[in-house]
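None of these values were measured; they are calculated from a predicted model. In this chain, residues are counted from 1 in sequence order. Read the numbers this way: they start at 1 and go in the same order the structure lists the ligands and their atoms.
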Amino acid sequence: MTRLHFASALLPSGWRDDVQVIVSDRTIAGVMVGVAPQGGDERHQLAIPGMASLHSHAFQRGMAGLAEIRGDTADTFWTWRETMYRFALTMTPDDVESVATLLYAEMLERGYTRVGEFHYLHHDHDGTPYADPAEMATRIAQSAEATGIGLTLLPSFYAHGSFGGAAPHAGQRRFISSIDQFARLMDASRKTVSPLRGANVGIAPHSLRAVTPDELRAITPLSEGGPVHIHAAEQTGEVEDCVAWSDRRPVEWLLEHAPVDRRWCLIHATHMTATETKALAASGAVAGLCPLTEASLGDGIFPAREFCHAGGFFGVGTDSNILVGVADELRQLEYGQRLKHRERNVLSRGPGVSTGRALFDAAVAGGTQALAQACGGIEQGARADIVSLDTAHPSLAGRRGDAILDGFIFAAGADAIDCVWAGGDKVVEGGRHRLRQNARDRFNATIRSLVA
Ligand code: ZN
(Lines give C-alpha, C1' and ligand atoms only; values in the text may rest on other atoms or scores of the structure.)
Protein backbone atom coordinates (compact mmCIF):
# COMPACT_ATOMS: atom_id res chain seq x y z
CA MET A 1 0.00 0.00 0.00
CA THR A 2 1.21 3.53 -0.83
CA ARG A 3 -0.11 6.79 0.61
CA LEU A 4 0.22 9.91 -1.52
CA HIS A 5 -0.56 13.38 -0.21
CA PHE A 6 -1.29 16.35 -2.47
CA ALA A 7 -1.62 19.95 -1.34
CA SER A 8 -4.33 20.25 -4.01
CA ALA A 9 -5.93 17.71 -6.36
CA LEU A 10 -8.60 17.69 -9.08
CA LEU A 11 -11.22 15.14 -7.96
CA PRO A 12 -14.55 14.34 -9.68
CA SER A 13 -16.12 16.81 -7.22
CA GLY A 14 -13.64 19.54 -8.22
CA TRP A 15 -10.42 20.94 -6.73
CA ARG A 16 -9.81 19.94 -3.12
CA ASP A 17 -6.98 20.81 -0.73
CA ASP A 18 -4.98 18.42 1.47
CA VAL A 19 -5.90 15.24 -0.38
CA GLN A 20 -4.58 11.87 0.70
CA VAL A 21 -4.80 9.08 -1.90
CA ILE A 22 -4.39 5.49 -0.74
CA VAL A 23 -3.14 3.15 -3.45
CA SER A 24 -3.43 -0.58 -3.04
CA ASP A 25 -3.13 -3.33 -5.66
CA ARG A 26 -2.73 -0.80 -8.50
CA THR A 27 -6.08 0.82 -7.62
CA ILE A 28 -7.18 3.86 -5.65
CA ALA A 29 -8.44 2.31 -2.42
CA GLY A 30 -9.43 5.60 -0.79
CA VAL A 31 -9.41 9.37 -1.17
CA MET A 32 -9.46 11.56 1.96
CA VAL A 33 -9.98 15.31 1.71
CA GLY A 34 -8.84 17.97 4.20
CA VAL A 35 -6.31 15.81 6.01
CA ALA A 36 -2.85 16.99 7.01
CA PRO A 37 0.05 14.96 5.65
CA GLN A 38 1.06 12.07 7.90
CA GLY A 39 4.38 10.37 8.41
CA GLY A 40 4.87 7.86 5.62
CA ASP A 41 2.85 9.90 3.09
CA GLU A 42 4.71 10.67 -0.14
CA ARG A 43 4.09 14.39 -0.52
CA HIS A 44 3.45 16.34 -3.73
CA GLN A 45 1.82 19.65 -4.60
CA LEU A 46 -0.72 19.29 -7.43
CA ALA A 47 -2.50 16.24 -8.83
CA ILE A 48 -4.67 15.82 -11.89
CA PRO A 49 -6.01 12.55 -13.36
CA GLY A 50 -4.13 10.67 -16.06
CA MET A 51 -5.73 10.93 -19.50
CA ALA A 52 -6.43 8.25 -22.11
CA SER A 53 -5.12 8.57 -25.64
CA LEU A 54 -8.13 6.76 -27.06
CA HIS A 55 -6.68 6.36 -30.57
CA SER A 56 -3.10 5.42 -31.45
CA HIS A 57 -1.31 3.68 -34.30
CA ALA A 58 1.96 3.08 -32.44
CA PHE A 59 4.12 2.15 -35.43
CA GLN A 60 3.48 5.56 -37.04
CA ARG A 61 5.62 7.18 -34.30
CA GLY A 62 8.55 5.90 -36.34
CA MET A 63 7.71 8.14 -39.32
CA ALA A 64 6.97 11.33 -37.35
CA GLY A 65 8.33 14.24 -39.38
CA LEU A 66 9.21 12.09 -42.40
CA ALA A 67 6.28 13.17 -44.59
CA GLU A 68 6.80 16.94 -44.56
CA ILE A 69 8.16 17.40 -48.09
CA ARG A 70 5.71 18.60 -50.70
CA GLY A 71 4.89 16.21 -53.52
CA ASP A 72 4.48 17.31 -57.13
CA THR A 73 0.66 17.35 -56.86
CA ALA A 74 -1.55 18.83 -54.14
CA ASP A 75 -0.16 17.21 -51.00
CA THR A 76 -3.07 15.55 -49.27
CA PHE A 77 -3.82 12.76 -46.79
CA TRP A 78 -3.60 10.25 -49.59
CA THR A 79 0.07 11.03 -50.39
CA TRP A 80 0.90 10.85 -46.65
CA ARG A 81 -0.80 7.45 -46.62
CA GLU A 82 1.56 6.16 -49.32
CA THR A 83 4.55 7.10 -47.10
CA MET A 84 2.87 5.36 -44.18
CA TYR A 85 2.33 2.19 -46.24
CA ARG A 86 5.98 2.11 -47.31
CA PHE A 87 7.02 2.46 -43.67
CA ALA A 88 4.54 -0.18 -42.48
CA LEU A 89 5.78 -2.67 -45.08
CA THR A 90 9.34 -2.64 -43.75
CA MET A 91 8.85 -2.97 -39.98
CA THR A 92 9.60 -6.24 -38.13
CA PRO A 93 7.97 -7.25 -34.84
CA ASP A 94 11.17 -6.13 -33.05
CA ASP A 95 10.92 -2.74 -34.78
CA VAL A 96 7.28 -2.34 -33.71
CA GLU A 97 8.14 -3.18 -30.10
CA SER A 98 11.03 -0.71 -30.13
CA VAL A 99 8.88 2.11 -31.52
CA ALA A 100 5.87 1.35 -29.30
CA THR A 101 8.03 1.24 -26.16
CA LEU A 102 9.42 4.72 -26.78
CA LEU A 103 5.99 6.03 -27.73
CA TYR A 104 4.30 4.71 -24.59
CA ALA A 105 7.10 6.10 -22.39
CA GLU A 106 6.58 9.49 -24.11
CA MET A 107 2.82 9.27 -23.60
CA LEU A 108 3.35 8.73 -19.88
CA GLU A 109 5.81 11.64 -19.66
CA ARG A 110 3.22 13.87 -21.31
CA GLY A 111 0.15 12.98 -19.26
CA TYR A 112 -1.39 9.90 -20.87
CA THR A 113 -1.80 6.87 -18.63
CA ARG A 114 -3.87 4.65 -20.94
CA VAL A 115 -3.78 4.00 -24.67
CA GLY A 116 -6.41 2.67 -27.08
CA GLU A 117 -4.19 0.95 -29.61
CA PHE A 118 -6.08 0.71 -32.93
CA HIS A 119 -3.88 -2.07 -34.19
CA TYR A 120 -3.85 -3.03 -37.86
CA LEU A 121 -0.25 -4.02 -38.69
CA HIS A 122 -0.92 -7.74 -38.23
CA HIS A 123 0.98 -9.89 -40.74
CA ASP A 124 4.45 -10.67 -42.05
CA HIS A 125 6.01 -8.62 -44.87
CA ASP A 126 4.39 -10.66 -47.65
CA GLY A 127 0.96 -10.57 -46.01
CA THR A 128 1.12 -14.10 -44.55
CA PRO A 129 -0.08 -14.33 -40.95
CA TYR A 130 2.69 -15.02 -38.46
CA ALA A 131 2.76 -18.50 -36.85
CA ASP A 132 1.22 -16.75 -33.86
CA PRO A 133 -1.47 -14.52 -35.41
CA ALA A 134 -1.04 -12.13 -32.46
CA GLU A 135 2.74 -11.77 -32.91
CA MET A 136 2.47 -8.01 -33.47
CA ALA A 137 -0.24 -7.59 -30.80
CA THR A 138 2.08 -9.35 -28.36
CA ARG A 139 4.78 -6.76 -29.07
CA ILE A 140 2.27 -3.98 -28.33
CA ALA A 141 1.30 -5.72 -25.08
CA GLN A 142 4.97 -6.10 -24.09
CA SER A 143 5.60 -2.40 -24.73
CA ALA A 144 2.60 -1.49 -22.56
CA GLU A 145 3.76 -3.79 -19.79
CA ALA A 146 7.35 -2.50 -19.87
CA THR A 147 6.31 1.15 -19.67
CA GLY A 148 3.32 0.71 -17.34
CA ILE A 149 0.73 2.37 -19.58
CA GLY A 150 -2.79 0.91 -19.38
CA LEU A 151 -3.70 -0.88 -22.61
CA THR A 152 -6.98 -1.21 -24.46
CA LEU A 153 -6.07 -3.32 -27.47
CA LEU A 154 -8.36 -2.76 -30.46
CA PRO A 155 -7.42 -5.28 -33.18
CA SER A 156 -8.53 -3.86 -36.49
CA PHE A 157 -10.48 -5.73 -39.14
CA TYR A 158 -9.38 -4.54 -42.56
CA ALA A 159 -10.46 -6.35 -45.74
CA HIS A 160 -10.83 -3.96 -48.69
CA GLY A 161 -9.23 -1.07 -50.54
CA SER A 162 -12.34 1.09 -50.86
CA PHE A 163 -16.13 1.23 -50.52
CA GLY A 164 -18.25 -1.62 -51.85
CA GLY A 165 -15.72 -4.37 -51.16
CA ALA A 166 -13.04 -3.22 -53.61
CA ALA A 167 -9.96 -5.44 -53.63
CA PRO A 168 -7.16 -4.25 -51.35
CA HIS A 169 -3.95 -3.08 -52.97
CA ALA A 170 -0.50 -4.53 -52.39
CA GLY A 171 0.51 -1.81 -49.89
CA GLN A 172 -2.27 -2.99 -47.57
CA ARG A 173 -1.26 -6.69 -47.46
CA ARG A 174 -0.03 -6.68 -43.87
CA PHE A 175 -3.41 -5.37 -42.63
CA ILE A 176 -5.81 -7.73 -44.47
CA SER A 177 -7.80 -10.54 -42.82
CA SER A 178 -10.73 -12.77 -43.68
CA ILE A 179 -13.45 -12.99 -41.03
CA ASP A 180 -12.13 -16.42 -39.94
CA GLN A 181 -8.56 -15.14 -39.69
CA PHE A 182 -9.80 -12.15 -37.70
CA ALA A 183 -11.69 -14.40 -35.28
CA ARG A 184 -8.44 -16.33 -34.67
CA LEU A 185 -6.56 -13.06 -34.27
CA MET A 186 -9.10 -11.91 -31.68
CA ASP A 187 -8.72 -15.17 -29.70
CA ALA A 188 -4.93 -14.91 -29.79
CA SER A 189 -5.07 -11.20 -28.86
CA ARG A 190 -7.24 -11.90 -25.82
CA LYS A 191 -4.74 -14.56 -24.69
CA THR A 192 -1.73 -12.30 -25.11
CA VAL A 193 -3.36 -9.42 -23.22
CA SER A 194 -4.89 -11.48 -20.41
CA PRO A 195 -1.78 -11.49 -18.13
CA LEU A 196 -1.62 -7.67 -18.23
CA ARG A 197 -3.28 -6.14 -15.20
CA GLY A 198 -6.07 -3.76 -16.16
CA ALA A 199 -5.80 -4.38 -19.90
CA ASN A 200 -8.91 -4.98 -21.99
CA VAL A 201 -9.78 -5.76 -25.60
CA GLY A 202 -12.29 -4.32 -28.06
CA ILE A 203 -12.51 -4.39 -31.84
CA ALA A 204 -11.83 -1.87 -34.56
CA PRO A 205 -13.55 -2.34 -37.91
CA HIS A 206 -11.12 -0.04 -39.75
CA SER A 207 -13.58 2.11 -41.72
CA LEU A 208 -16.44 1.82 -44.19
CA ARG A 209 -13.74 1.87 -46.88
CA ALA A 210 -12.16 -1.31 -45.52
CA VAL A 211 -15.19 -3.25 -44.24
CA THR A 212 -18.42 -4.19 -46.06
CA PRO A 213 -21.80 -3.99 -44.28
CA ASP A 214 -21.99 -7.82 -44.10
CA GLU A 215 -18.52 -8.00 -42.60
CA LEU A 216 -19.36 -5.26 -40.08
CA ARG A 217 -22.41 -7.28 -38.95
CA ALA A 218 -20.32 -10.46 -38.72
CA ILE A 219 -17.43 -9.05 -36.68
CA THR A 220 -19.23 -6.70 -34.28
CA PRO A 221 -20.20 -9.57 -31.90
CA LEU A 222 -16.49 -10.47 -31.60
CA SER A 223 -16.14 -7.41 -29.34
CA GLU A 224 -17.93 -9.49 -26.66
CA GLY A 225 -19.39 -6.34 -25.11
CA GLY A 226 -16.10 -4.41 -25.33
CA PRO A 227 -15.57 -1.13 -27.15
CA VAL A 228 -16.06 -0.78 -30.93
CA HIS A 229 -13.94 1.85 -32.68
CA ILE A 230 -14.16 2.85 -36.35
CA HIS A 231 -12.63 5.65 -38.46
CA ALA A 232 -15.36 7.79 -40.05
CA ALA A 233 -15.59 10.97 -42.14
CA GLU A 234 -11.96 12.02 -41.75
CA GLN A 235 -11.58 13.30 -45.29
CA THR A 236 -13.96 15.01 -47.74
CA GLY A 237 -12.86 12.54 -50.45
CA GLU A 238 -13.98 9.69 -48.21
CA VAL A 239 -17.38 11.36 -47.69
CA GLU A 240 -17.84 11.80 -51.46
CA ASP A 241 -16.91 8.15 -52.13
CA CYS A 242 -19.30 7.00 -49.40
CA VAL A 243 -22.17 9.03 -50.89
CA ALA A 244 -21.40 7.61 -54.36
CA TRP A 245 -21.49 4.08 -52.91
CA SER A 246 -24.50 4.31 -50.58
CA ASP A 247 -26.19 7.70 -51.05
CA ARG A 248 -25.29 8.26 -47.39
CA ARG A 249 -22.43 10.08 -45.67
CA PRO A 250 -20.20 7.89 -43.40
CA VAL A 251 -21.60 9.00 -40.02
CA GLU A 252 -25.13 9.02 -41.43
CA TRP A 253 -24.64 5.47 -42.78
CA LEU A 254 -23.29 4.17 -39.47
CA LEU A 255 -26.10 5.73 -37.44
CA GLU A 256 -28.68 4.19 -39.79
CA HIS A 257 -27.16 0.73 -40.19
CA ALA A 258 -24.95 -0.09 -37.19
CA PRO A 259 -25.94 -0.41 -33.50
CA VAL A 260 -24.02 2.75 -32.57
CA ASP A 261 -24.37 3.43 -28.84
CA ARG A 262 -22.21 4.25 -25.80
CA ARG A 263 -19.87 1.32 -26.56
CA TRP A 264 -18.91 2.89 -29.88
CA CYS A 265 -16.27 5.45 -30.67
CA LEU A 266 -16.27 7.18 -34.07
CA ILE A 267 -12.72 8.29 -34.77
CA HIS A 268 -12.46 11.80 -36.31
CA ALA A 269 -16.11 12.29 -37.46
CA THR A 270 -14.70 15.51 -38.91
CA HIS A 271 -17.14 16.04 -41.74
CA MET A 272 -20.74 15.98 -40.51
CA THR A 273 -23.87 17.92 -41.40
CA ALA A 274 -25.77 19.66 -38.59
CA THR A 275 -28.21 16.73 -38.58
CA GLU A 276 -25.42 14.15 -38.28
CA THR A 277 -23.76 16.18 -35.51
CA LYS A 278 -26.95 16.17 -33.41
CA ALA A 279 -27.65 12.50 -34.15
CA LEU A 280 -24.13 11.38 -33.21
CA ALA A 281 -24.40 13.32 -29.94
CA ALA A 282 -27.77 11.70 -29.23
CA SER A 283 -26.39 8.19 -29.89
CA GLY A 284 -24.19 8.39 -26.77
CA ALA A 285 -21.13 7.30 -28.77
CA VAL A 286 -17.83 9.08 -28.19
CA ALA A 287 -16.29 11.21 -30.93
CA GLY A 288 -12.60 10.25 -30.90
CA LEU A 289 -10.87 13.51 -31.83
CA CYS A 290 -7.20 13.64 -32.84
CA PRO A 291 -6.71 17.37 -33.45
CA LEU A 292 -2.92 17.32 -33.97
CA THR A 293 -3.05 14.51 -36.52
CA GLU A 294 -6.11 16.05 -38.18
CA ALA A 295 -4.17 19.30 -38.52
CA SER A 296 -1.04 17.49 -39.71
CA LEU A 297 -3.00 15.65 -42.40
CA GLY A 298 -5.12 18.63 -43.43
CA ASP A 299 -8.32 16.73 -42.61
CA GLY A 300 -10.52 19.60 -41.52
CA ILE A 301 -12.03 20.88 -38.27
CA PHE A 302 -14.53 18.90 -36.19
CA PRO A 303 -17.80 20.77 -35.38
CA ALA A 304 -16.94 20.72 -31.68
CA ARG A 305 -19.02 23.73 -30.62
CA GLU A 306 -22.20 22.34 -32.14
CA PHE A 307 -21.46 18.77 -30.96
CA CYS A 308 -20.87 19.90 -27.37
CA HIS A 309 -24.00 22.08 -27.40
CA ALA A 310 -25.93 18.98 -28.47
CA GLY A 311 -24.56 17.12 -25.42
CA GLY A 312 -22.07 14.96 -27.33
CA PHE A 313 -19.15 13.14 -25.68
CA PHE A 314 -15.60 13.44 -26.95
CA GLY A 315 -12.16 12.15 -26.02
CA VAL A 316 -8.75 12.71 -27.58
CA GLY A 317 -6.30 10.42 -29.34
CA THR A 318 -2.74 10.85 -30.55
CA ASP A 319 -3.43 8.82 -33.74
CA SER A 320 -0.32 9.21 -35.94
CA ASN A 321 1.75 10.17 -32.88
CA ILE A 322 3.57 12.91 -34.80
CA LEU A 323 3.48 14.98 -31.59
CA VAL A 324 2.37 13.49 -28.27
CA GLY A 325 0.93 15.48 -25.38
CA VAL A 326 -2.32 15.89 -23.45
CA ALA A 327 -1.92 19.68 -23.32
CA ASP A 328 -0.95 19.90 -27.01
CA GLU A 329 -3.97 17.86 -28.17
CA LEU A 330 -6.49 19.84 -26.08
CA ARG A 331 -4.91 23.18 -27.08
CA GLN A 332 -5.09 22.25 -30.77
CA LEU A 333 -8.75 21.27 -30.35
CA GLU A 334 -9.63 24.66 -28.87
CA TYR A 335 -7.40 26.64 -31.24
CA GLY A 336 -8.98 24.96 -34.28
CA GLN A 337 -12.36 26.20 -33.04
CA ARG A 338 -10.99 29.71 -32.42
CA LEU A 339 -9.60 29.90 -35.95
CA LYS A 340 -12.84 28.60 -37.43
CA HIS A 341 -15.24 30.80 -35.45
CA ARG A 342 -12.91 33.79 -34.92
CA GLU A 343 -13.76 33.78 -31.21
CA ARG A 344 -11.91 32.92 -28.01
CA ASN A 345 -12.75 30.29 -25.38
CA VAL A 346 -15.16 28.49 -27.74
CA LEU A 347 -15.32 25.21 -25.78
CA SER A 348 -15.72 26.77 -22.34
CA ARG A 349 -19.02 25.79 -20.74
CA GLY A 350 -20.12 29.39 -20.22
CA PRO A 351 -19.29 32.86 -18.90
CA GLY A 352 -16.66 32.78 -16.20
CA VAL A 353 -15.83 29.11 -16.76
CA SER A 354 -12.27 27.95 -17.50
CA THR A 355 -11.79 26.57 -21.00
CA GLY A 356 -8.96 24.31 -19.82
CA ARG A 357 -11.20 22.73 -17.20
CA ALA A 358 -14.02 22.14 -19.68
CA LEU A 359 -11.66 20.52 -22.19
CA PHE A 360 -9.90 18.41 -19.57
CA ASP A 361 -13.04 17.11 -17.81
CA ALA A 362 -14.71 16.22 -21.10
CA ALA A 363 -11.67 14.38 -22.44
CA VAL A 364 -11.14 12.39 -19.23
CA ALA A 365 -14.79 11.29 -19.26
CA GLY A 366 -14.83 10.54 -23.00
CA GLY A 367 -11.59 8.56 -22.85
CA THR A 368 -12.88 6.55 -19.88
CA GLN A 369 -16.09 5.68 -21.74
CA ALA A 370 -14.44 4.95 -25.09
CA LEU A 371 -11.95 2.51 -23.56
CA ALA A 372 -14.65 0.87 -21.40
CA GLN A 373 -13.17 1.72 -18.02
CA ALA A 374 -15.54 1.60 -15.05
CA CYS A 375 -14.25 4.90 -13.74
CA GLY A 376 -11.62 7.51 -14.49
CA GLY A 377 -10.33 10.35 -12.44
CA ILE A 378 -8.93 10.36 -8.92
CA GLU A 379 -11.64 8.39 -7.14
CA GLN A 380 -12.00 5.18 -5.20
CA GLY A 381 -12.05 2.12 -7.45
CA ALA A 382 -10.24 3.74 -10.38
CA ARG A 383 -6.86 2.51 -11.59
CA ALA A 384 -4.29 4.67 -9.79
CA ASP A 385 -3.41 6.86 -12.79
CA ILE A 386 -2.27 10.23 -11.46
CA VAL A 387 -0.18 13.10 -12.85
CA SER A 388 1.53 15.61 -10.59
CA LEU A 389 2.37 19.12 -11.82
CA ASP A 390 5.31 21.29 -10.86
CA THR A 391 4.09 24.39 -9.02
CA ALA A 392 7.49 26.03 -9.65
CA HIS A 393 6.89 26.06 -13.41
CA PRO A 394 6.66 29.72 -14.49
CA SER A 395 3.31 29.15 -16.21
CA LEU A 396 1.79 27.64 -13.05
CA ALA A 397 3.24 30.01 -10.46
CA GLY A 398 0.65 31.58 -8.19
CA ARG A 399 -2.26 29.69 -9.81
CA ARG A 400 -5.01 27.86 -8.02
CA GLY A 401 -7.85 25.66 -9.17
CA ASP A 402 -8.86 25.77 -12.81
CA ALA A 403 -6.21 28.40 -13.60
CA ILE A 404 -3.70 25.54 -13.15
CA LEU A 405 -5.32 23.60 -16.01
CA ASP A 406 -5.39 26.71 -18.19
CA GLY A 407 -1.68 27.28 -17.44
CA PHE A 408 -0.87 23.62 -18.17
CA ILE A 409 -2.86 23.35 -21.42
CA PHE A 410 -2.32 26.77 -22.98
CA ALA A 411 1.14 27.74 -21.70
CA ALA A 412 3.31 25.11 -20.04
CA GLY A 413 2.46 21.79 -21.71
CA ALA A 414 4.28 18.64 -20.62
CA ASP A 415 7.19 20.72 -19.34
CA ALA A 416 5.09 21.20 -16.17
CA ILE A 417 4.63 17.46 -15.54
CA ASP A 418 6.62 16.19 -12.58
CA CYS A 419 5.56 12.62 -11.63
CA VAL A 420 3.19 10.12 -13.23
CA TRP A 421 1.75 7.07 -11.50
CA ALA A 422 0.37 4.38 -13.82
CA GLY A 423 -1.56 1.70 -11.99
CA GLY A 424 -0.02 3.04 -8.78
CA ASP A 425 3.53 2.60 -10.06
CA LYS A 426 5.55 5.83 -10.25
CA VAL A 427 6.97 5.46 -13.77
CA VAL A 428 7.78 9.14 -14.40
CA GLU A 429 9.75 11.24 -11.93
CA GLY A 430 11.10 14.73 -12.58
CA GLY A 431 9.42 14.55 -15.99
CA ARG A 432 11.44 11.50 -17.11
CA HIS A 433 10.15 7.99 -17.66
CA ARG A 434 12.40 5.44 -15.98
CA LEU A 435 13.02 3.75 -19.37
CA ARG A 436 13.60 6.99 -21.29
CA GLN A 437 17.26 6.51 -22.15
CA ASN A 438 17.03 2.80 -22.98
CA ALA A 439 13.89 3.36 -25.02
CA ARG A 440 15.47 6.24 -26.96
CA ASP A 441 18.66 4.30 -27.69
CA ARG A 442 16.73 1.31 -28.98
CA PHE A 443 14.28 3.45 -30.97
CA ASN A 444 17.08 5.46 -32.58
CA ALA A 445 18.89 2.29 -33.66
CA THR A 446 15.63 0.97 -35.17
CA ILE A 447 14.89 4.17 -37.05
CA ARG A 448 18.45 4.50 -38.38
CA SER A 449 18.13 1.07 -39.95
CA LEU A 450 14.62 1.79 -41.32
CA VAL A 451 15.50 5.09 -43.00
CA ALA A 452 18.96 4.01 -44.20
ZN1 ZN B 1 -6.39 6.43 -37.05
Side-chain angles (χ1 to χ4, degrees), residues 52-64 66-67 76-85 87-88 91 96 99-100 103-104 107 112 114-122 136-137 140 151-162 168 171-172 174-176 202-211 216 227-239 242 250-251 254 264-272 285-302 314-324 328-329 332-333 363 366-367 370-371:
S53 167
L54 58 68
H55 186 68
S56 161
H57 308 292
F59 79 90
Q60 292 178 18
R61 171 65 182 87
M63 59 172 282
L66 287 171
T76 66
F77 171 85
W78 309 103
T79 53
W80 171 87
R81 200 175 69 157
E82 290 305 313
T83 308
M84 184 269 283
Y85 285 167
F87 213 81
M91 291 180 80
V96 167
V99 169
L103 170 67
Y104 295 163
M107 283 187 180
Y112 294 110
R114 187 168 201 90
V115 60
E117 184 60 41
F118 193 116
H119 173 60
Y120 61 85
L121 187 57
H122 299 310
M136 286 293 202
I140 295 291
L151 175 66
T152 298
L153 183 66
L154 301 159
S156 180
F157 178 76
Y158 200 130
H160 303 286
S162 192
Q172 296 167 325
R174 298 187 78 180
F175 318 153
I176 301 299
I203 63 163
H206 180 274
S207 59
L208 291 176
R209 284 185 276 121
V211 182
L216 186 59
V228 182
H229 287 216
I230 185 167
H231 292 114
E234 179 178 9
Q235 290 275 325
T236 51
E238 172 201 345
V239 175
C242 190
V251 173
L254 283 167
W264 284 61
C265 180
L266 271 59
I267 305 300
H268 306 301
T270 310
H271 300 287
M272 295 192 288
V286 173
L289 309 180
C290 310
L292 289 167
T293 294
E294 289 151 9
S296 164
L297 297 178
D299 288 343
I301 297 176
F302 177 78
F314 73 83
V316 290
T318 51
D319 195 359
S320 70
N321 299 304
I322 185 163
L323 175 66
V324 173
D328 305 276
E329 211 68 69
Q332 181 70 35
L333 172 59
L371 301 185

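The Zn ion (ligand 1) does not have H268 among its coordinating residues (no N/O/S atom, backbone or side chain, under 2.8 Å). The Zn ion (ligand 1) has an N, O or S atom of H55 closer than 2.8 Å.
Atom CD in Q235 sits 7.0 Å away from atom CG in L297 (nearest 0.5 Å).
Residues H268 and E294 meet the side-chain proximity criterion, which asks for heavy atoms closer than 4.5 Å. By the 4.5 Å heavy-atom criterion applied to side chains, V286 and W264 are not counted as neighbours.
When the Zn ion (ligand 1) is compared with the N/O/S atoms of D319, atom OD1 turns out nearest. Of all N, O or S atoms in H231, the one lying closest to the Zn ion (ligand 1) is NE2. Within H57, the N, O or S atom lying nearest to the Zn ion (ligand 1) carries the name NE2.
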**Request:** Check step by step if side-chain contact (heavy atoms from CB on, under 4.5 Å) holds for H231 and L208.
**Result:** CA-CA 8 Å; H231 292 114; L208 291 176; over 6 Å; no

**Message:** Would F87 and M84 count as a side-chain contact (heavy atoms from CB on, under 4.5 Å) here? Give the steps.
**Reply:** CA-CA 5 Å; F87 213 81; M84 184 269 283; 5.6 Å; no

